[in-house]
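Have a look at the structure below, then the notes.
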Amino acid sequence: MPISIACVSGKGGVGKTTTCAALAGAFGELGRRVLAIDVDPQANLTSGLGFNPYQLKRTIADILVDPTVSPEAVTLATEWDGVSLIPANPDLSAVEAEMATTVRRELRLRDALNRGAGLRAYDVVLFDTPPNFGFHTISALGAAAWILVPLQMSGYAMKGLKEVLRTFQAAREQLNPDLHILGLLPTFVNLRTRFSQQMLEGIREIPSLHVFDTVIRVTVKLQETAMAGAPITAYARNSEAAQAYRKLALEILERTAPAASPGQA
Ligand SMILES: Nc1ncnc2c1ncn2[C@@H]1O[C@H](COP(=O)(O)OP(=O)(O)O)[C@@H](O)[C@H]1O
Ligand SMILES: [Mg+2]
């Protein structure tokens, strides 16, 4: 069974997509076989890993609506060793309406990913989700074992976190009892401001919520990766941000090691 992680925050611009792409690159470098899954109709992960969403014939939408299509049929090899992608394009936004009457429709993604060879070929599966708690985010929570929450060090982060936790609890109770919180990842950290530092200290004090040691600082290099269509680990190999994501990948391996307990949810 691969380690499957959904990157979730309920809002946009906090670093979900950047984190998925960077972790895909970092795990690939470690020799892990990675499947990145774009579950966001905005298709930023698809372009972030080098594809033009408008030129794709088959996407994640196909496995959701057509039960004869297996995940392999829509999986693309990326330029980076060990990193594959199930891409999205804006068609994905129509899928929810098409499935309006399907029973347990939020589990369609999980079931689709189990078709054929399923996810057995991978060590790590990363789901990128839209900036809301709608159908596609819930579908990812139905399919993943872990959630990783990028938390932008800004005034609204705490409010956003409460909503993530509420959604997590609901998904766990109603959809996927095997879902656990992997951890909170501080993003857009600016260690020169008191605000960022105080917030970091604040979240580290929340009982029973794991916060990664790794923090992702504000850097123009990460901004550039979105334009470059490449993970930071390839785009700016020796940058501090690339190193940070490599360290995060190692923290994740440690936290998900089979001997370890899943920790507190
Ligand atoms: N640590 C960072 N420092 C500076 N810019 C960042 C950082 N992380 C992400 N970005 C940029 O901020 C924007 C939003 O990031 P993104 O990963 O797309 O967020 P989300 O997927 O949560 O909407 C993108 O343009 C991205 O390149
Ligand atoms: Mg995104």
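All ligand and atom numbering here is 1-based and tracks the order in the structure.
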Check: atom 19 (O) of ligand 1: which protein heavy atom is closest, and how many Å away?
Finding: G15 N, 3.0 Å
Item checked: atom 23 (O) of ligand 1 - nearest protein heavy atom and its distance -> G13 N, 2.6 Å
Next item on the list: Please write down residue, atom name and distance for the protein heavy atom closest to atom 27 (O) of ligand 1.
Entry: L222 O, 3.0 Å
Notebook entry, point to check: Among protein heavy atoms, which sits nearest to atom 3 (N) of ligand 1, and what does the distance come to when rounded to 0.1 Å?
Noted result: T219 N, 3.0 Å
Checklist line | Considering all heavy atoms, the nearest N176-A144 contact | finding: ND2-O, 2.7 Å
Notebook entry, point to check: In this structure, which one of T233, T18, T19, T214 forms a side chain to side chain donor-acceptor pair (under 3.5 Å) with Y245?
Noted result: T19
Next item on the list: Report yes or no: does a heavy atom of T225 sit under 4.0 Å from some atom of ligand 1?
Entry: no
Check: Relative to the heavy atoms of G12, which atoms of ligand 1 are at a distance of less than 4.0 Å?
Finding: 23 (O)
Next item on the list: Would you indicate whether the side-chain heavy atoms of I3 and L182 approach each other to under 4.5 Å?
Entry: no
Notebook entry, point to check: Counting each atom of ligand 1 from 1 as listed, which ones have a heavy atom of K16 under 4.0 Å away?
Noted result: 17 (O), 19 (O), 20 (P), 21 (O), 22 (O), 23 (O)
Checklist line | Proximal ligand 1 atoms for Q223, defined as those under 4.0 Å from one of its heavy atoms | finding: 5 (N), 27 (O)
Next item on the list: Taking only heavy atoms of A226 into account, list the atoms of ligand 1 that are under 4.0 Å away from them.
Entry: 27 (O)
Next item on the list: Determine, using heavy atoms of S9 and all atoms of ligand 1, whether some pair is separated by less than 4.0 Å.
Entry: no
Check: Which atoms of ligand 1 have any heavy atom of I216 under 4.0 Å away?
Finding: 1 (N)
Next item on the list: If you have a sec, work out which protein heavy atom is nearest atom 9 (C) of ligand 1 and how many Å separate them, to one decimal?
Entry: T18 OG1, 3.3 Å
Margin query: Quick one, L148 and L23 - any side-chain contact, counting heavy atoms below 4.5 Å?
Written below: yes
Item checked: atom 1 (N) of ligand 1: the protein heavy-atom neighbour that sits closest, reported with distance to 0.1 Å -> R217 O, 2.9 Å
Check: What do you reckon, does T187 put a non-hydrogen atom under 4.0 Å from ligand 1?
Finding: no
Margin query: Looking at the Mg ion (ligand 2), is there an N, O or S atom belonging to T129 that lies under 2.8 Å away from it?
Written below: no
Next item on the list: Using a strict cut-off of 4.0 Å, indicate which atoms of ligand 1 neighbour a heavy atom of V14.
Entry: 19 (O), 20 (P), 22 (O)
Margin query: I need the nearest protein heavy-atom contact for atom 7 (C) of ligand 1: residue, atom name and distance, please.
Written below: F188 CZ, 3.4 Å
Check: Which residue owns the protein heavy atom closest to atom 18 (O) of ligand 1, what's the atom, and how far is it?
Finding: T17 CB, 3.9 Å
Note to self: Hydrogens and angles aside, do R246 and Q243 bring a side-chain donor and acceptor to less than 3.5 Å of each other?
What the structure shows: yes
Note to self: Can you check atom 13 (C) of ligand 1: any protein non-hydrogen atom closer than 4.0 Å?
What the structure shows: no
Check: Which atom pair, heavy atoms only, marks the closest approach of V39 to H136?
Finding: O-CB, 3.3 Å
